[in-house]
Number of protein chains: 2
Amino acid sequence: MHREPGHDELDFPRPLVCVDVIVFTVMQGVLHVLLARRPSAPGEPFPGAPCLPGGFIDVARDDSLLQCALRKLHDKTGFSSPYLEQLGSWGNAARDPRGWSATHAYFALVPPPDMPVAAARDVEWVPVERAAQMALAFDHSEIFSAALGRLRGKVEYTSLPAFLLNEPFTLPELQHVYEAVLARPLDKSAFRKRMLDAGFLEPAGQVAQTVGRPATGYRVRERERAAIFPRTFRASEAAAD
Amino acid sequence: MHREPGHDELDFPRPLVCVDVIVFTVMQGVLHVLLARRPSAPGEPFPGAPCLPGGFIDVARDDSLLQCALRKLHDKTGFSSPYLEQLGSWGNAARDPRGWSATHAYFALVPPPDMPVAAARDVEWVPVERAAQMALAFDHSEIFSAALGRLRGKVEYTSLPAFLLNEPFTLPELQHVYEAVLARPLDKSAFRKRMLDAGFLEPAGQVAQTVGRPATGYRVRERERAAIFPRTFRASEAAAD
DNA sequence: AGAATAGTGTCTCTCAGACATTATTTT
DNA sequence: AAAATAATGTCTGAGAGACACTATTCT
């Protein structure tokens, strides 16, 4: 901003501004993403098409982009303090037929929700493999793909999957989530060493299993941010940011 | 976007939309950032204050956010194909007294420029240590701080500093840039092994020194993206993205 | 006792860091 | 020859992966 001549009046055309949220969870050992559906009213772009939950900024109601993302997330999922991180922004003249628009994308991780909740709010949990094959409205397929890439990348070297579980959780449970997101098996011994050495977990009692030895329950020490490991899981296939 | 009732008319108030660029370079072994200055005209916010180069999106002229960032970068520095990466976005009701505004921040790495160019375009190269102590207009100090953190973080495990040098460059030169950005010395042997093993460099002849043995010159194989190393420089102090 | 799951120990490999050593140029 | 800088070699330690092994519960 700030230096263009002729802009002082502020009467030039402004882009549309949106916030979209990519919400991930793991259900039945499979990574899912929350999708909404475009309205079918006349004049609406992409009528009836699946899309990411989101919407226009309401300058009277939203104090900030982050707060807007939190509001939309709460409206759709009922969660109010999930792990939430900015993914990036997409803006150009062509992505929305209604005009030049820019969207700010956030990605969120939530523990497995109760199924009925999602259905009631007119959104749907979709396995990421299926979502990747769907044609989402606007450039939402591209944004979703970026979110999935970012999640898989960061899972290689952070404790992000801990935010996909209800507490307390066990180390075997956490390992299963890692494996679900990365879509490959991990060695149990290496996994446990890594998690415990990182020091982001604190014990929280025993968790009885339906069969076999009970497991130690854990909580994350700081819910605010993820821990970062000194190496990726497999150094040979290092991950982007 | 896409599901708010009452929005179909598109006649609701829209935020101001800007793009700001954080341009880094290394001169005389010191990391610098490019700063502009707010106009002093009446009605302008933060008159005369230092700020990041940037400005409002021109929906008639800019096809996309990225192209807008490239345009501003070219206007201010003359570089047209630098390393350019999206940093994030900042948007809220309070950051600009003229109204609800959102800015998309990009950070760029350029090789050492000719000094006069910057001066002629009404921008100035400032050492980052000094810039960190200045009160920049709007929330630009916060944005600059995030950019510096991102750069230092990624330098721990990527080849980003190669984009801060003119080609061909030597490994000792590259090491000096790493040390300038990280503000700590690195071991020569470990550094060379790391860079050569990463495979992102290709030899480009010999580079004579003023004194001593001449060094091998190198070019980066792919100018488009940075290489990622399997570990951070010091695993003990792992870095965020 | 046996099945099932949780949790540990040991060995090897890779790579970062420390630091000593060798190589090639100019004066 | 001496100085200066480039480049390599050797040793050690940390941590990842493979995989065998032990521990604790239930039926």
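Below, read A as the first sequence line, B as the second, and so on, with proteins coming before strands; counting in each chain starts at 1. Every value quoted in this text rests on a predicted model; they were computed, and no experiment measured them.
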(request) Flag the pair B:R221 and B:E202 as a salt bridge only when some basic side-chain nitrogen lies within less than 4.0 angstrom of an acidic carboxylate oxygen. (result) yes
(request) Please determine, for the side chain of B:A190, which listed nucleotide (C:dA16, C:dG7, C:dT25) has the closest atom? (result) C:dA16
(request) Figure out the CG/P separation between B:D197 and D:dT8, and round it to whole Å. (result) 11 Å
(request) Calculate the interatomic distance between B:L196 atom CG and C:dA16 atom P; express it in whole Å. (result) 12 Å
(request) Taking only the side-chain heavy atoms of A:Q206 (C-beta and beyond), determine which of D:dT25, C:dA6, D:dA7 contains the nearest atom. (result) D:dT25
(message) Below the 4.0 Å mark, does D:dA7 have OP1 or OP2 next to a side-chain nitrogen or oxygen of B:R192?
(response) yes
(message) When you measure from the side-chain N and O atoms of A:R213 to the phosphate of D:dC26, is any distance below 4.0 Å, counting only OP1 and OP2?
(response) no
(request) Figure out the CE/P separation between B:M195 and D:dT8, and round it to whole Å. (result) 15 Å
(request) Using heavy atoms to find the nearest nucleotide of DNA chain D for A:D187 and B:P214 separately, return the residue whose nucleotide is more 5′. (result) B:P214
(request) Would you kindly give the CZ-to-P distance between B:R184 and C:dA16, to the nearest whole Å? (result) 13 Å
(request) On the 0 to 90° scale, with breaks at 30° and 60°, tag the A:F107-A:F24 ring pair as parallel, tilted or perpendicular. (result) perpendicular
(message) Measure NE2/B:H176 against C1'/D:dA6 and give the value in whole Å, please.
(response) 11 Å
(request) Report the relative orientation of the aromatic rings in A:F229 and A:Y178; use parallel for angles under 30°, tilted for 30 to 60°, perpendicular for over 60°. (result) tilted
(message) Does B:R225 have more than 12 heavy atoms from other residues, nucleotides or ligands lying within 6.0 Å of its CZ?
(response) no
(request) Measure from the side-chain heavy atoms of B:K188 and tell me the nearest of D:dA6, C:dG9, C:dG7. (result) D:dA6
(message) Ignoring hydrogens and geometry beyond distance, is the side chain of B:S189 in donor-acceptor contact with the base of D:dG9 at under 3.5 Å?
(response) yes
(request) Mind calculating the distance between CZ (B:R194) and P (D:dA7) to the nearest angstrom? (result) 19 Å
(request) Please state how far atom CZ in B:F229 lies from atom C1' in D:dA16, giving the value in whole angstrom units. (result) 20 Å
(message) With a 4.5 Å cut-off on side-chain heavy atoms, are B:V128 and B:R130 touching?
(response) no
(request) Specify the separation, in whole Å, of atom CD of A:E173 and atom P of C:dA6. (result) 9 Å
(request) Could you check B:T210 against B:K193 and say which one's nearest nucleotide on DNA chain C is further toward the 5' end? (result) B:K193
(message) It should be established whether A:Q209 places a side-chain nitrogen or oxygen under 4.0 Å from OP1 or OP2 of nucleotide C:dA6.
(response) yes
